[in-house]
Amino acid sequence: MLDGKKSLFSGMQATGTLHIGNYLGALKNWVELENEYETFYCVVDMHSITVRQDPAELRRKARSLLTLYIAAGLNPEKNCIYYQSHVSAHAELAWILNCFTYMGELNRMTQFKDKAAKNEGNINAGLFTYPVLMAADILLFQSDIVPVGDDQKQHIELTRDVAQRFNAIYGDVFTIPEPYIKKTGARIMSLQEPTKKMSKSDDNPNASVFLLDDTDTIIRKFKRAVTDSGNEIRYAEEKPGISNLIEIYSVATGKSIPEIEKEFDGKGYGEFKIAVGEAVAAMLKPVQDRYNELCNDKEYIDNVIKTNAEKASYYANKTLRKVQKKVGFPEKIR
Ligand code: AQP
């Protein structure tokens, strides 16, 4: 809660290219929250360097991601859209929260285990304490909810535990956040291995549909999607391939799963895959058009970057100062 209004924080990493999992699981849902909440959407570039990045490429991707947020429908007049590295309170609160988080808690994080396995040559302390920085991100804005995909649930539980621990010692400093996870679209699976989530770091480009893929590429990827034995369009746990496509089609069109099963009754996988591809391409077309327009408006994007970072800093520093006082840091002499 910020200044009497409910608030929220969410963010994405400026690594890889956004895929429809990131869009359907998170970004698309953000757009509908702007009236009810004071919203903070961050390009979490500080999280990105837990894995080695090419500096020029990271800068390019961070700007592209920030532009995509706006292209997807987030109005920067109503939503605070900024780079994490422009608001130093993120790092300062993360340090303090590090001192209130246990090694055992961080050791249990499944994302750390997955990412450590993928980056055996660089298992750095930042990768390990990533969830603490994420807790700081969320708690800085006194967030009531955190709209994310299903894979982030464990990190939000840790954020709640750390915030409750801190509040138990120092009084009601932090709002305790709740995850905001939609039923459909919360875990979009890989098109090539439907038991694995679609992921930016997947080496196989056919496993993911990217937000900036053109229509032909999108349809080709869906045509190649791995499906299960049989030929019936039916949602079932034992049919992860076709169920994933049904879920994607459902979120892209707004149709319910029973409606989809009825629509494609008696039709085969081939026909359905083309329909999913066309629906996804139609859903992404306006986002892509707007993105291309915005990329040509350097001044507008620069202005968003500057003014929104100032707004985020204002709110973040309010919480940070309160925390610093509680833990006993001496006041600055102004
Ligand atoms: N497959 C997915 N289905 C639904 N939601 C998803 N999210 C990620 N993958 C899926 C949600 O997207 C948001 C941004 O996540 P992130 O940038 O922090 O990265 P991530 O969760 O680590 O996403 P990736 O794509 O899997 O990247 P890599 O390969 O780098 O790990 C979050 O809200 C996330 O829940």
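Here the structure is a predicted model, which is why all the values come from computation and not from measurement. We count ligands from 1, going down the list as the structure has it; atoms in each ligand are counted the same way. What's counted below: heavy atoms across the whole structure, side chains too, no hydrogens, waters or symmetry copies.
- Other residues, nucleotides and ligands contribute more than 12 heavy atoms inside 6.0 Å of the NZ atom of Lys5.
- Using a 4.0 Å cut-off to heavy atoms of Ala186, the atoms of ligand 1 that qualify are 3 (N), 4 (C), 5 (N).
- Considering backbone and side-chain N/O atoms, Lys118 never comes within less than 3.5 Å of an N/O atom of ligand 1.
- Considering backbone and side-chain N/O of Met198, one or more are found under 3.5 Å from N/O of ligand 1.
- In terms of protein heavy-atom proximity, atom 12 (O) of ligand 1 is closest to Asn22 ND2, 3.1 Å.
- Counted within 6.0 Å of OH on Tyr300, heavy atoms from surrounding residues, nucleotides or ligands total more than 12; the atom is thus considered enclosed.
- With ring centers used as reference points, Tyr82 lies 6.0 Å or more from Tyr41.
- Nearest protein neighbour of atom 33 (O) of ligand 1, counting heavy atoms only, is Gly149 N, 3.2 Å.
- Within a 6.0 Å radius of NZ in Lys153, other residues, nucleotides and ligands contribute 12 heavy atoms or fewer.
- At a 4.0 Å heavy-atom cut-off, ligand 1 touches Ala26 through the side chain alone.
- Heavy-atom separations between His19 and ligand 1 include at least one value shorter than 4.0 Å.
- Using a 4.0 angstrom heavy-atom cutoff, Met189 does not count as in contact with ligand 1.
- A salt bridge links Asp150 with Arg187: the closest approach of a Lys/Arg side-chain nitrogen to an acidic carboxylate oxygen falls below 4.0 angstrom.
- The hydrophobic cluster containing Met12 does not contain Ile49, counting ILVMFWY residues as joined when their side-chain heavy atoms lie under 4.5 angstrom apart, directly or transitively.
- Under 4.0 Å from ligand 1, not a single heavy atom of Ser10 appears.
- At a heavy-atom cutoff of 4.0 Å, ligand 1 is contacted by both the backbone and the side chain of Met12.
- Of the protein's non-hydrogen atoms, the one nearest atom 18 (O) of ligand 1 is Gln13 CG, 3.8 Å.
- Listed by atom number, the atoms of ligand 1 under 4.0 Å from Lys115 heavy atoms are 22 (O), 28 (P), 30 (O), 31 (O).
- Looking at atom 1 (N) of ligand 1, its nearest protein heavy atom turns out to be Ile188 O, 2.7 Å.
- In the vicinity of Lys197, heavy-atom distances shorter than 4.0 Å reach the ligand 1 atoms 1 (N), 8 (C), 9 (N), 20 (P), 21 (O), 23 (O), 24 (P), 26 (O).
- Less than 4.0 angstrom separates some heavy atom of Gly185 from each of these atoms of ligand 1: 4 (C).
- Of the N and O atoms on the side chains of Glu34 and Asn79, at least one donor lies less than 3.5 Å from an acceptor on the other residue.
- Met189 and Leu27 fall into different hydrophobic clusters, defined by Ile, Leu, Val, Met, Phe, Trp and Tyr side-chain heavy atoms under 4.5 Å apart, directly or through other members.
- Note: Phe166 and Phe174 meet the aromatic proximity criterion, with ring centroids under 6.0 Å apart.
- In terms of protein heavy-atom proximity, atom 6 (C) of ligand 1 is nearest to Gly21 O, 3.5 Å.
- In terms of protein heavy-atom proximity, atom 34 (C) of ligand 1 is closest to Asp151 OD1, 3.3 Å.
- Residue Ser190 places no heavy atom under 4.0 Å from ligand 1.
- Regarding atom 16 (P) of ligand 1, its nearest protein heavy-atom neighbour is Lys200 NZ, 3.5 Å.
- To the nearest 0.5 Å, the span separating CD on Glu263 from CD on Glu259 amounts to 8.5 Å.
- Each of Val323, Leu139, Val327 was compared with Val173 under the side chain to side chain contact (heavy atoms under 4.5 Å, CB included) criterion, and only Val323 meets it.
- In the hydrophobic cluster analysis, where Ile, Leu, Val, Met, Phe, Trp and Tyr join through side-chain heavy atoms closer than 4.5 angstrom, Phe222 is grouped apart from Ile219.
- Atoms of ligand 1 found under 4.0 Å from any heavy atom of Gly25 (numbered from 1 in listed order, with element): 4 (C), 5 (N).
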